[in-house]
*Asks:* 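The structure follows.
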Amino acid sequence: MSFRRRSGRPATRRSETEFVTYHCLIGSQPIGVLTFRNIVNGMTIPPLRWLVTDLNMVVLPDSDINVLEWEQKVRDSSGAGLWITDDDMRRFVRYNHQMIDGEFFGSPIDSTADDASQAMVRIDFFDSTTVTVTLDRSVIGTSWEFDLFLGPGVPASGIGSRDEEIADEQRRAQEARDGQQIRALVRACLQNARIDEAPALLTQLDAVVDVTPSGPRAWSLALERDDAPRVDLPDGPLPQAARYQTDAEAAGGELLIWVHDGRMQMVELPWCTDAMPTELPRLDQLVFPAGRDAGDGERTP
């Protein structure tokens with residue numbers, strides 16, 4: 001990757017920001033391509049002040065950079081991280097041999113924020129495996145090699161951070177697990193429902209492609225197939241809702257399956273305990289209306 005020289009002009013952000021994120025596995029490209037030096041020099045970056053939140057790197061043998069001292073400064077820093085000058089950042093780039101872990105936020109020289117809220121570029125090397133760059137295209141330019149090896153960039157709502165990305169990944173994983181559990185709970189309720197429309201509703205459940213949180217203890221259901229049979233039921237929750245228990249309470253709440261225009265639309269788990277439960281009920285905690293075998297759950301006496 002060829003290098004691009006930095007602009008010597010102060011950073012001036014346009015009124016409309018244009019954040020773009022690049023994310024790439026370092027091992028997906030030939031050795032020596034996705035290095036810290038190449039990534040930084042593949043951008044046209046004006047002089048900035050830099051916030052460092054993580055640092056673990058190896059420098060070239062002829063460097064006078066005391067890596068252990070810098071890494072300790074980052075660990076000991078209070079607030080958002082360690083602020084370094086543009087000259088410090090240039091030295092890190094020039095003498096870097098390997099960036100194992102490092103997260104850098106570049107903000108305008110005259111910015112007064114003590115965090116990354118005014119940052120216009122973020123460079124994140126994580127565990128020698130991935131590199132993430134988020135930049136404001138209204139200020140930061142990139143070389144064609146940069147776009148080739150890291151692209152295509154994806155529009156982003158803001159500069160982001162590693163902590164935010166990890167939290168988002170954890171949230172998405174939890175939502176996926178919750179979605180699977182909601183499907184299982186709805187299936188158990190429909191299999192034990194005392195309504196003639198239950199088989200058609202089970203067919204609708206098989207057509208659900210997405211279960212999305214829509215409120216406290218509520219999830220929207222997205223159906224893929226328009227040909228999933230509609231049911232002749234009034235809009236609102238299905239009759240004779242199942243109840244659920246918690247580990248601490250025999251009466252935890254209800255499981256409501258809402259129908260709109262003949263299709264399942266939402267699942268709601270209202271609670272009757274003092275505090276909102278933090279976990280979804282298990283199948284064996286469901287309590288169904290009397291008159292049907294309850295399967296893995298119980299029957300109302």
*Asks:* Please determine if D261 and R230 form a salt bridge, counting it only when a charged side-chain N lies under 4.0 Å from a carboxylate O.
*Replies:*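 Answer for the salt bridge query: yes.
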*Asks:* Please report the shortest heavy-atom distance between C189 and I257, naming the atom on each side.
*Replies:*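 Nearest pair, atom of C189 first, then I257: CB-CD1, 4.1 Å.
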*Asks:* Among all residues two or more places apart in sequence or in another chain, which pass the ring-ring contact (aromatic ring centres under 6.0 Å, His included) test with Y244?
*Replies:*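 If we apply the ring-ring contact (aromatic ring centres under 6.0 Å, His included) test to Y244, skipping adjacent residues, there are no hits.
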*Asks:* In terms of side-chain heavy atoms, does R75 have a donor or acceptor partner in Q72 at a distance below 3.5 Å?
*Replies:*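 Result is yes, a qualifying pair exists.
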*Asks:* Under 3.5 Å, is there a donor-acceptor pair between the side chain of D88 and the main chain of T85?
*Replies:*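 Answer holds: yes.
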*Asks:* I'd like to know if D64 pairs up with R91 as an ion pair, taking the criterion as any Lys NZ or Arg NE/NH1/NH2 lying under 4.0 Å from an Asp or Glu carboxylate oxygen.
*Replies:*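 Result for this pair is yes, salt bridge flagged.
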*Asks:* Is the backbone N or O of D127 less than 3.5 Å from a side-chain atom of T130, with the two atoms forming a donor-acceptor pair by type?
*Replies:*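 A pair under 3.5 Å: no.
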*Asks:* Would you call R171 and E164 a salt bridge, taking side-chain N to carboxylate O under 4.0 Å as the test?
*Replies:*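 No.
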*Asks:* Rounded to the nearest 0.5 Å, how far does CZ of F125 lie from CZ of F36?
*Replies:*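 Separation between the atoms: 7.0 Å.
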*Asks:* Under a 4.0 Å threshold between the charged nitrogen and the carboxylate oxygen, would K73 count as salt-bridged to D76?
*Replies:*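 Salt bridge between D76 and K73, a charged N being under 4.0 Å from a carboxylate O: no.
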*Asks:* Would you mind reporting whether S220 and V211 have side-chain heavy atoms less than 4.5 Å apart?
*Replies:*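 With C-beta onward as the side chain, the pair stays apart.
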*Asks:* When you measure from the side chain of R187 to the backbone of L205, do you find a donor-acceptor pair of N or O atoms at a distance under 3.5 Å?
*Replies:*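 Answer holds: no.
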*Asks:* Counting only N and O atoms by type, is there a donor-acceptor contact under 3.5 Å from the side chain of D136 to the main-chain atoms of E18?
*Replies:*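 Checked: pair present.
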*Asks:* Quick one: does Q204's side chain have a donor or acceptor within less than 3.5 Å of a partner on G262's backbone?
*Replies:*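 Yes; at least one donor-acceptor contact below 3.5 Å.
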*Asks:* Give a yes or no on whether a salt bridge exists between R94 and D87, defined as a side-chain N under 4.0 angstrom from a carboxylate O.
*Replies:*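 The answer is no: the pair does not qualify as a salt bridge.
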*Asks:* Once rounded to the nearest 0.5 Å, what's the spacing between atom CG of N41 and atom CZ of F146?
*Replies:*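 CZ of F146 is found 11.5 Å from CG of N41.
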*Asks:* V231 versus V259: any side-chain heavy-atom pair under 4.5 Å?
*Replies:*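 Yes - at least one pair of side-chain heavy atoms lies under 4.5 Å apart.
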*Asks:* Salt bridge or not between R282 and D284? Use side-chain N to carboxylate O under 4.0 Å.
*Replies:*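 Yes.
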*Asks:* Got a salt bridge between E103 and R122, using NZ or NE/NH1/NH2 to carboxylate O under 4.0 Å?
*Replies:*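 Here E103 pairs with R122 in a salt bridge, since their nearest N and O are under 4.0 Å apart.
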